[in-house]
Amino acid sequence: MQKTQIGIIGLAVMGRSLALNMADHGFKVGGYNRSREVTDAVVKEYPHENFVPFYDLEELVKSQERPRKLLIMVKAGKPVDMVIEQLIPLLEEGDMILDGGNSFFEDTRRRETYLKEKGIYYFGTGVSGGEKGARFGPSIMPGGDKEAYKHIAPVLEAISAKAQGEPCCAYMGTDGAGHYVKMVHNGIEYADMQLIAEAYLLLKYAGGFTNKELADVFEAWNEGELKSYLIGITAGILREKDDFEAGELLDYIVDSAGQKGTGRWTSLESLKQGVNVSMITAACNARIMSNRVEERRAAKELFEHPQQKLAADKAAFEEKVRKGLYTAKIAAYAQGFDLLSHAASEYGWDLNYGKIASIFRAGCIIQAEFLDDITKAFGKNKALKNLMLDSFFRDGVNQGQESLRCILGLGIQNGIPVPAMSQAIAYIDAFRGMPVGANLIQAQRDCFGAHTYERTDREGSFHHDWRF
Ligand code: NBP
């Protein structure tokens, strides 16, 4: 039998889709799943000449050409460690294990070190784009040994999405770099989605737009600087009719959204790194608040609600929301890339930010025109400290901040929760050098704890004998 070129362990939605994608691209793929009925279902429902089913892990490993390449696509966490332990006695020096799930980057760092001692290469590989992406072209973020990457690059680059003909897959860095970039990608996705949800609320409740009008607005926005996958699907969602009742499906969906944890990881990690990703945190908190369905329902009866105050000019308001959304989006990406740059120093990764933005251009949820501008910004200045300092994005903020302030004002007067947009303007204001009140904080700390303070007019640390 012809040797298999890659083995996939775990044939649920993602593993199966990646296996078929690889098979389509001419790679001989061996597939194994812990429960054999899952493997049987793949063979029955998606027969493919390049896909070979295995019901025994050892047989799959034996079928592989050297160096062996085994892609783990099982539930993140303990199952990954369990599969690794099963593989170790079957592998030889120079073989490779890839983890394509949403593993926490610290787990990836630990596993990489552990397997390196055994002569096995380990690649934490971020895969974005869900089932459809995995099947027809995801964005792929591999991290691991740079030299060994050449063995897996042909497969990963072949199956990845293509943006302007270029593969949306690139080597990210050593050990956990790939999974870290994937984590921050997901964090940015949280912020992006929350900002769009807030634009929807503002247009609906402060602009008086109907679903049909909203769909037209998002469709028009998708022709300009906001052009992106998420804006495009939002237009479609707003038009979608309900199967059971009159009107649009969106109006029958419960106002409560779940989360799997990658946004929360990004937020927790940012606190560890001392980086402000307030918009990602706001997006996580918005989902947490949305889950308090019963409490919110009960509280609705207990509090007074502001009188609705509609925007005077609908068309002008729509343009302000568009500009405000774009400005807030710049701030969200500035925060995400700032976290990446701090992580690069902390973990010793040589991250290529322009390349990272370029591999997000297709295959993944945050794909957008805007990413080309991020690539250009880092192309002009590899050491750019904050995206908002690039002249293109600085102009964007300057041109849009007034609109953002205006829509936030009306939103807050109407009692519309706009946490991510509020964090965007707070971030922009603090970033552009406005006083943030830290002089008073220093004074308070020195007053109650003799923590000392620094002065504007002379060097050194001072303690004041507070006289009251
Ligand atoms: P799931 O995350 O739902 O995991 C199911 C797979 O894990 C099945 O193949 C299952 O085998 C296997 N598994 C488990 Br659970 N415990 C195992 C163990 N101890 N040993 C061996 N296999 C075990 O699958 P998925 O939705 O395809 O996602 C796979 C990975 O990709 C996850 O890390 C996920 O977070 C990530 N991801 C998912 C998406 C998405 O859109 N779904 C997108 C991007 C990334 P069984 O059949 O025997 O139970």
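In listed order, ligands and their atoms are each counted from 1.
Checked by atom type, the side-chain pair Lys260/Asn102 shows no donor-acceptor distance below 3.5 Å.
Contact detail for Leu11 and Val38: the closest heavy-atom pair is O-CG1, 3.5 Å. In terms of heavy atoms, Thr375 sits closest to Gly354 at OG1-O, 3.1 Å. Smallest separation of non-hydrogen atoms from Gly101 and Asp99: N-OD1, 2.9 Å. Between Asn21 and Gly137 the shortest heavy-atom distance is ND2-N, 3.6 Å.
Residue contact check: Ala76 has heavy atoms under 4.0 Å from atoms 33 (O) of ligand 1. Each of the following atoms of ligand 1 lies closer than 4.0 Å to a heavy atom of Val83: 20 (N), 21 (C). Within ligand 1, counting atoms from 1 as listed, the ones closer than 4.0 Å to a heavy atom of Leu11 are 9 (O). Near Pro79, meaning under 4.0 Å from one of its heavy atoms, ligand 1 places the atoms 16 (N), 17 (C), 18 (C), 19 (N). Residue Met82 approaches ligand 1 through these ligand atoms, each under 4.0 Å from one of its heavy atoms: 19 (N). Less than 4.0 angstrom separates some heavy atom of Met73 from each of these atoms of ligand 1: 29 (C), 31 (O).
Taking atom 49 (O) of ligand 1 as the reference point, the nearest protein heavy-atom neighbour is Arg34 NH2, 2.9 Å. Nearest to atom 46 (P) of ligand 1 among the protein's heavy atoms is Ser35 OG, 3.4 Å. Of the protein's non-hydrogen atoms, the one nearest atom 34 (C) of ligand 1 is Asn102 N, 4.1 Å. From the protein, the heavy atom lying nearest to atom 43 (C) of ligand 1 is Met14 CE, 3.4 Å. Counting only heavy atoms of the protein, atom 22 (N) of ligand 1 lies nearest to Val74 CG1, 3.4 Å. Of the protein's non-hydrogen atoms, Gly130 CA, 3.5 Å is the one closest to atom 41 (O) of ligand 1. If you check which protein heavy atom lies closest to atom 5 (C) of ligand 1, you get Ala12 CB, 3.9 Å. Of all protein heavy atoms, the one closest to atom 9 (O) of ligand 1 is Asn33 OD1, 2.7 Å.
With respect to Asp373 and Lys376, a salt bridge is recorded, a charged nitrogen being found less than 4.0 Å from a carboxylate O.
Proximity of Val38 to ligand 1, defined as any heavy-atom pair under 4.0 Å, is confined to the side chain (atoms from C-beta onward). With a heavy-atom cut-off of 4.0 Å, Lys75 touches ligand 1 through backbone and side chain alike.
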Please evaluate residues Asp350 and Lys146 with respect to the criterion salt bridge (charged side-chain N to carboxylate O under 4.0 Å, His left out), reporting the C-alpha separation (whole Å), side-chain torsions for both, the decisive distance (0.1 Å), and the verdict.
CA-CA 11 Å; Asp350 181 21; Lys146 193 167 186 183; over 6 Å; no
Would you please test Asp216 and Arg239 for salt bridge (charged side-chain N to carboxylate O under 4.0 Å, His left out) and show each step?
CA-CA 9 Å; Asp216 292 342; Arg239 265 191 224 296; 2.8 Å; yes
Residues Arg66, Glu92; criterion salt bridge (charged side-chain N to carboxylate O under 4.0 Å, His left out); working and verdict
CA-CA 9 Å; Arg66 297 284 320 274; Glu92 293 172 86; 3.4 Å; yes
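Here the side chains of Met22 and Ile8 are in contact, with some heavy-atom distance below 4.5 Å.
For atom 19 (N) of ligand 1, the protein comes within 4.0 Å by at least one heavy atom.
Between Trp349 atom CH2 and Asp175 atom CG the span is 6.0 Å, to the nearest 0.5 Å.
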